[in-house]
2 protein chains.
Amino acid sequence: MELDERKKVILQAVIRNYLETGEPVGSRTISKYTDLKLSSATIRNEMADLEEMGYIFQPHTSAGRIPSDKGYRFYVDSMLESKDRRFDEMKDMLIERQDKMEDLLKSMASLLAANTEYATMISAPAAHRNKLKFIQLSRVDAEQLLCVVVAEGNVIKNSIIKLERELTDEIILKLNILMNTCMNGLAIEEINLAMISRMKEQAGIHEDIVGSVIDAVAQAVRSDDDPAVYTSGATNIFKYPELSDNIRASQLINAFEDKKLLTDLIDEKSGDDKENPIQVYIGEEAPLQAMKDCSVVTATYRLGDDMKGTIGIVGPKRMDYAKVISALEVMQQKLDDLYNPGG
Amino acid sequence: MELDERKKVILQAVIRNYLETGEPVGSRTISKYTDLKLSSATIRNEMADLEEMGYIFQPHTSAGRIPSDKGYRFYVDSMLESKDRRFDEMKDMLIERQDKMEDLLKSMASLLAANTEYATMISAPAAHRNKLKFIQLSRVDAEQLLCVVVAEGNVIKNSIIKLERELTDEIILKLNILMNTCMNGLAIEEINLAMISRMKEQAGIHEDIVGSVIDAVAQAVRSDDDPAVYTSGATNIFKYPELSDNIRASQLINAFEDKKLLTDLIDEKSGDDKENPIQVYIGEEAPLQAMKDCSVVTATYRLGDDMKGTIGIVGPKRMDYAKVISALEVMQQKLDDLYNPGG
DNA sequence: GTTAGCACTCGCCCATTTGGAGTGCTAATA
DNA sequence: TATTAGCACTCCAAATGGGCGAGTGCTAAC
């Protein structure tokens, strides 16, 4: 059977109506809702066809229809195609530029959550291809060396290195210069074994310190230990009855509490497609089992050439896709403006 | 009416039984539960008295009794008095010393949550009376100066200072020395206006930088903008039916999401009593409206002389107080051991 | 002061009923 | 041939009502 134009219109009408009301929609409703001038009986026939094709289904006999995952997929795809967005809604959200990435992302997450009424998460730009801007070693006290690493985008990481022996100021200064001249401007992948042994050679008897510093840099730049995902509005899910029963809510909130889980999800899925940085996952497509009754919309943002992160919004399947997608597009744009003022 | 010895025994029995089962407890149960050798009829009379006195009540006529807030209060107080704890349970929880306070507290929070099955929160030691260990200014690029502040307990804070003009290495070095000689070892309160103007004087034309640095130090050491409360196991509340209905759960989870709220709560209430660092808040006593159906147990811990923070556990009123209190005591001890190995 | 006995209350569970929304099918219509 | 009106049917959800059991309060006897 084919999905002809009229079926499409009816399907759209069913979905749109369901998004508004959250109730199964019946044939009579559609008959009045659309300007097709068809009786409910005709609609019923068409709806039976649509059900057979798998776009909609009945939660039980003699109830109205609700969209299946396939139905949502059709709806979202056709929306993405038609570029029928509501850009305006969020355009004048105010975002202050913050010194620290962290604060910026936190405030963006809570802004998005407040405006969409869904749960949001933002991953900090992955630094793994990120260039080192600056390394600073300084003595805190006799046994401890502070290592500060600044990467592009003012991502700052600290770590403390324990010393087995005391170092003179002079040696620390030397090490500083050595580290910076060797590693400045490099991405973490570019630091290879050859370079490390060359540096160790130059450091002479202090080669162990170089080892520690490189560990520290690696640890600082790698974000495994510090997932760096900011979430907001997890409690919004209680606004949607279909998600707020005990089991589902608990699993969802749990997922939001477990930043590590989120990082994996967000990293794995981001940016499969450079042309289409916005991805929509519906129901079972969702990357986490806990979210199988939700839809997840993610947007990959880029800062400069090498840094990218992901913004994700999690809500019920019957979320306002148009609003969410345009909100994400605005956010992408804002991030771009803030960090690439020249571009 | 007086709370004689027998009434106390019966009240204890009622409460203990309710803690175990979560069901209203009837007179027959108590008659068998205790070794008082009293018939259920007698118990009924006594329970009627206890109800009149406000220690217990019936959720509805012809149901067993459950403890009121006043009843719990009696139970907790007599437990605290008798020092009848179960220290052993958690004693050998393994806590690795972490370089960073943050990681340590996070892992402690999740450990506590996992072991108690309640929700936990830990506030980082308030740094407001904390001594500065070390300040480091370094140039990131032409327009930005990185200011790293290390305080006692290896609390590290960064901030970026925007520059209006370029500074030479020499000047930065000078400023570094100036800042460290002036402020090292000081608590933030000890930095007064006189000192600031003296420093500005010494900095000459660069007095504006000194101003910025002091702002940065203040901002770094003050923790207002970064509440620094770590939570774990918020989803544990779903394990307790009396807390997991939609409204309550949503309010509670919300409270746990809002770190700022938690900070206020935790700071306001901590350490009223130096002798009794462990406080129990039952039901309406709880410091947050969202927690009015919960009990909250807090413990104030001290690191060194000036730093203190709070650990809090939130659970249903019928929580295992003995276990929670001893767990908190163990945590206090561990923190003490880790950071004051000499004492 | 304690206990046995008994009537009573009330929440909970279950089966049954009722009403309404919505369907599928069929026959009539344009 | 496509559309529509009509009707019987299905099923959910909410309301109704009776039986069960746990537990109480009271009274009278010990």
Side-chain angles (χ1 to χ4, degrees), chain A residues 1-11 13-18 20-68 71 241-242 245, chain B residues 1-11 13-18 20-68 71 241-242 245:
Chain A
M1 206 175 325
E2 212 203 335
L3 195 64
D4 60 33
E5 201 51 42
R6 195 172 73 179
K7 283 192 172 55
K8 282 186 189 173
V9 173
I10 292 172
L11 179 52
V14 170
I15 295 175
R16 226 170 268 145
N17 198 290
Y18 182 68
E20 278 172 28
T21 63
E23 301 278 293
V25 350
S27 53
R28 230 180 96 75
T29 314
I30 296 302
S31 163
K32 286 182 292 185
Y33 195 82
T34 59
D35 45 2
L36 279 174
K37 308 277 179 211
L38 291 174
S39 77
S40 61
T42 314
I43 304 289
R44 270 205 290 285
N45 289 328
E46 295 288 40
M47 277 164 76
D49 290 353
L50 285 170
E51 175 152 14
E52 203 183 321
M53 288 188 269
Y55 289 104
I56 51 180
F57 70 100
Q58 300 178 275
H60 55 261
T61 342
S62 85
R65 264 45 174 228
I66 62 182
S68 65
E242 66 264 48
D245 66 293
Chain B
M1 205 176 324
E2 213 205 332
L3 197 63
D4 59 33
E5 201 50 43
R6 194 171 74 179
K7 283 193 171 54
K8 282 186 188 173
V9 173
I10 292 172
L11 179 53
V14 170
I15 296 176
R16 225 168 271 146
N17 199 290
Y18 182 68
E20 277 173 30
T21 65
E23 301 277 294
V25 351
S27 53
R28 230 181 96 75
T29 314
I30 297 301
S31 162
K32 285 183 290 184
Y33 197 79
T34 60
D35 44 4
L36 279 174
K37 307 278 178 211
L38 292 173
S39 77
S40 61
T42 312
I43 304 288
R44 270 204 291 284
N45 289 328
E46 294 287 42
M47 277 164 76
D49 291 351
L50 285 170
E51 176 153 15
E52 203 183 320
M53 288 188 269
Y55 289 104
I56 52 180
F57 69 98
Q58 299 177 274
H60 55 262
T61 341
S62 85
R65 263 51 173 224
I66 62 181
S68 67
E242 66 264 46
D245 66 294

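Hydrogens, waters and symmetry mates play no part in the numbers below; they use all other heavy atoms, side chains included. First the proteins, then the strands, lettered A, B, ... as listed; each starts at 1.
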Checklist entry - Does anyone know the first and last nucleotide of DNA chain C in reach of chain B, 5' to 3', at under 4.0 angstrom to a heavy atom? => result dT2(C) to dG11(C)
Checklist entry - Under the criterion side chain to side chain contact (heavy atoms under 4.5 Å, CB included), which of Leu11(A), Val25(A), Leu50(A), Ile15(A) is the partner of Pro67(A)? => result Ile15(A)
Item to check | Nearest-angstrom distance from the residue atom CG of Leu38(A) to P of dA2(D) | outcome: 13 Å
Next on the checklist: Could you walk me through whether Ser40(B) and Arg28(B) satisfy the side-chain hydrogen bond (donor to acceptor under 3.5 Å, both in side chains) test, starting with their C-alpha distance in whole Å, then the side-chain angles of each, then the deciding distance to 0.1 Å, before giving a yes or no?
Outcome noted: CA-CA 5 Å; Ser40(B) 61; Arg28(B) 230 181 96 75; over 6 Å; no
Next on the checklist: On DNA chain C, does the nearest nucleotide to Asn45(A) precede the nearest nucleotide to Ala41(B) from the 5' side, or the other way round? Give the residue.
Outcome noted: Ala41(B)
Checklist entry - In whole angstrom, what separates Glu46(A)'s CD from dT1(D)'s C1'? => result 14 Å
Checklist entry - What is the minimum heavy-atom distance between Ala13(A) and Thr34(A), and which atoms define it? => result CB-CG2, 3.4 Å
Next on the checklist: With a 3.5 Å distance limit and no angle check, can you tell me whether Thr21(B) reaches the backbone of Asn17(B) through a side-chain donor-acceptor pair?
Outcome noted: yes
Item to check | Taking every non-hydrogen atom, the tightest pair across Leu3(A) and Met53(A) | outcome: CD1-CE, 4.1 Å
Checklist entry - Given atom CZ of Arg44(A) and atom C1' of dA2(D), what is their separation to the nearest angstrom? => result 16 Å
Item to check | Separation of dT3(D) P from Leu36(A) CG (nearest whole Å) | outcome: 10 Å
Checklist entry - How close or far is atom P of dA22(D) from atom CE of Met47(B), stated in whole angstroms? => result 16 Å
Item to check | Worked check of side-chain contact (heavy atoms from CB on, under 4.5 Å) between Met47(A) and Tyr55(A) | outcome: CA-CA 9 Å; Met47(A) 277 164 76; Tyr55(A) 289 104; over 6 Å; no
Checklist entry - Partners of Glu23(B) by salt bridge (Lys or Arg N to Asp or Glu O under 4.0 Å), sequence neighbours excluded? => result none
Checklist entry - Ser62(A) and Gln58(A): which non-hydrogen atoms are nearest, and at how many Å? => result N-NE2, 3.6 Å
Next on the checklist: Counting only heavy atoms and a strict 4.0 angstrom limit, can you tell me which residues of residues 50-67 of chain B come near DNA chain D?
Outcome noted: Gln58(B), Ser62(B), Ala63(B), Gly64(B), Arg65(B)
Item to check | Ser27(B) side chain near dG23(D) phosphate (N/O to OP1/OP2, under 4.0 Å) | outcome: no
